[in-house]
Protein chains: 2
Amino acid sequence: MAASDMGTRERRQRQVAEREQLFLNAARELVREDGLLKLQMSRVADRCEYAVGTLYLHFASKEDLLVALTTQNLREHAGLFRRVAQWNASTRDRMFAIGVADMIFVRRNPEHFRLAQYALCEVVWRAASARRREDLLAANQPIGAIVAGIVEEAVAAGDLELQRQTPQELATGLWSLCFGFHNLVHAEGVLEDFSIREPYVLMCRHLQHLLNGFGWRPLADPADKRALDALIKRICRDVFNDVCHAAPAAGAAPRAAATPRTAP
Amino acid sequence: MAASDMGTRERRQRQVAEREQLFLNAARELVREDGLLKLQMSRVADRCEYAVGTLYLHFASKEDLLVALTTQNLREHAGLFRRVAQWNASTRDRMFAIGVADMIFVRRNPEHFRLAQYALCEVVWRAASARRREDLLAANQPIGAIVAGIVEEAVAAGDLELQRQTPQELATGLWSLCFGFHNLVHAEGVLEDFSIREPYVLMCRHLQHLLNGFGWRPLADPADKRALDALIKRICRDVFNDVCHAAPAAGAAPRAAATPRTAP
DNA sequence: GCAAACAATGAATCTAGTTCACAAGACTGT
DNA sequence: ACAGTCTTGTGAACTAGATTCATTGTTTGC
């Protein structure tokens, strides 16, 4: 009795988890199809052939669902970073590869940045349930931790001096640069009159500049486009062989792939 | 007849513009009091003792109003940058002062970053009218232009080599770093377990690192906290004498000053 | 086989943003 | 001064879409 009880309870829980996946996948599809703007709870339920009420058994609100969606993306993001951490290369190359991972991640999840920007906004964040917020932070935690870990390793290996900073503090610099760059790229019009051709190559170059600024050895020459391309290609081959196809050449804004927009 | 006609039309226009200010100020107050989440169009109208319909004569939608509010902030932001551009100091110091200006601006407008984050989100951005979007971009334009201008000057003065980059491209690096840092600081919980003590001092240090990475002379030693503090103090005195009071010591997150939040 | 517990449902409710038919006031020409 | 016209302001009514909850169906335990 007790055993079968536990068995059925487990099965039930599994089914519920599966249904949650179903909802999340449907929501992601809808966001990719029509944009965040047009996401409707009733459509999500419809697409999964469940009643709205059922959807609300899983998610306390629309915001809750959006935060959950972001959390899923962050888990994939962390997965890519984890690969980099295990890559057998110099700490400098690994840190640079973190930037490449970021780039690949955004290309695979074109909706992510808009979504994250929205989900982390006060308005949405506070309307989500405490549990979802915690989940998101938990999914986010490794992202910072992995970066800080590489920093620590670099110090141990003598590639880098911290100079009174904590590894976390140093990591925020790299993080800000990438995060801010994504945000700029995705803020329509803001970069328009800057006529940036290949935004993500530029991001990588800035990353190299910042790493140089930190004195992270071996220093790189960010002006050497050939070396930069070769490094990116190598990273794609060694670390992200299965996930990055058209990587080195691709520097176009991911905007086109994201959601439909008003006339340019 | 024609003269008085023009006179009354001008007066009318002025009055309309004043009323728009009234609405925007009320909206800003409400956002500071209750947070972005609770902003209601009817409350804005109430506070100004006008009918909702009148409010809608000015703003096509709630999003429209929020974008307009952000635009106002950006104008103040650009104003601070303009002062820096006119400061009589080395290009390196001026570029660093841009970061300080950013810091001061955020302290004076604690709601700005949340607001901007929200307003630039696809969801809100696309729901605003084309005119408001253009206005925002126009208000934003000088911000990038001033930075690019300082870069150009630095090249002309021999303080910096561009190495195949455009001034705009280089500017994006600095911009991303600051923008990203603000976003990180304002994303509740994200920086929590990083235990960052004085976020904006850290931002300034990262800025110095990145400038060093660009090879922008004279190179600075970001580990020299004393020199950094002195520089910040000098900038506050020479450039922002009237607007920055408790500047050099203040590094606390502006979160507290912003909107009320759920239990920490 | 039946009652209690649990899960799913979707019509009804509710909230705020938005509209628009009408009223009040301002201007014009006689 | 006055009737007509045009502009501006109003707020009750409308609406979309998120959220709820009384009802109905399904499983579990005895």
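Order of the sequence lines fixes the chain letters, A, B, ..., with proteins taken first and strands second; residue numbering starts at 1 for each chain.
One atom, CG of L22(A), and another, P of dA8(C), lie 13 Å apart when rounded to the nearest Å. Between the P atom of dT8(D) and the NE2 atom of H58(B) lies a distance of 11 Å, rounded to the nearest Å. The interatomic distance linking Q15(A) (CD) with dC6(C) (C1') rounds to 14 Å, in whole Å. Distance, L30(A) CG to dA18(D) P: 12 Å, rounded to whole Å. As rounded to whole Å, 10 Å separates atom C1' of dG9(D) from atom CZ of F23(B). Atom-to-atom, OH of Y50(A) to P of dT24(D) comes out at 22 Å; the value is rounded to the nearest Å. Taking atom CG of L65(A) as the reference point, atom P of dG17(D) lies 17 Å away to the nearest angstrom. In this entry the distance linking CZ of R43(A) with C1' of dG10(C) reads 17 Å, nearest Å.
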**Item:** Test log, rule ring pair (Phe, Tyr, Trp, His ring centres under 6.0 Å), inputs H182(B) and Y200(B)
**Value:** CA-CA 9 Å; H182(B) 289 304; Y200(B) 284 113; 5.3 Å; yes
Could you list the donor-acceptor pairs under 3.5 angstrom formed between side-chain atoms of residues 49-58 of chain A and any protein atom two or more places apart in sequence or on another chain?
unit_1: H58(A); atom_1: ND1; unit_2: E20(A); atom_2: OE1; d: 3.0
unit_1: H58(A); atom_1: NE2; unit_2: R19(A); atom_2: NE; d: 2.9
unit_1: H58(A); atom_1: NE2; unit_2: R19(A); atom_2: NH2; d: 3.1

I'd like a list of close polar pairs between nucleotides 4-6 of chain D and the protein, N/O only, cut-off under 3.5 Å.
none

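The ring-ring contact (aromatic ring centres under 6.0 Å, His included) test applied to H77(A) returns F81(A), F105(A), not counting sequence neighbours. For R75(B), there are no salt bridge (Lys or Arg N to Asp or Glu O under 4.0 Å) partners, not counting sequence neighbours. E169(B) meets the side chain to side chain contact (heavy atoms under 4.5 Å, CB included) test with I196(A), R197(A), L202(A), R205(A), Q165(B), T166(B); sequence neighbours excluded.
No side-chain N or O of S176(A) forms a donor-acceptor pair with one of H206(B) less than 3.5 Å apart. N109(A) and R28(A) share no side-chain donor-acceptor pair at under 3.5 Å. Q117(B) and E122(A) share no side-chain donor-acceptor pair at under 3.5 Å. Side chain to side chain, D64(B) and S129(B) meet the donor-acceptor criterion of an N or O pair below 3.5 Å.
An OP1 or OP2 oxygen of dG9(D) is reached within less than 4.0 angstrom by a side-chain nitrogen or oxygen of R19(B).
Of the candidates dT10(D), dA26(C), dA7(C), dA7(C) carries the atom nearest the R12(A) side chain, counting heavy atoms from C-beta on.
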**Request:** Treat primed atoms plus P, OP1 and OP2 as sugar-phosphate and everything else as base, then score nucleotides 16-23 of chain C 5' to 3': B for base contact with protein heavy atoms under 4.0 Å, S for sugar-phosphate contact only, - for none.
**Result:** SSBB----
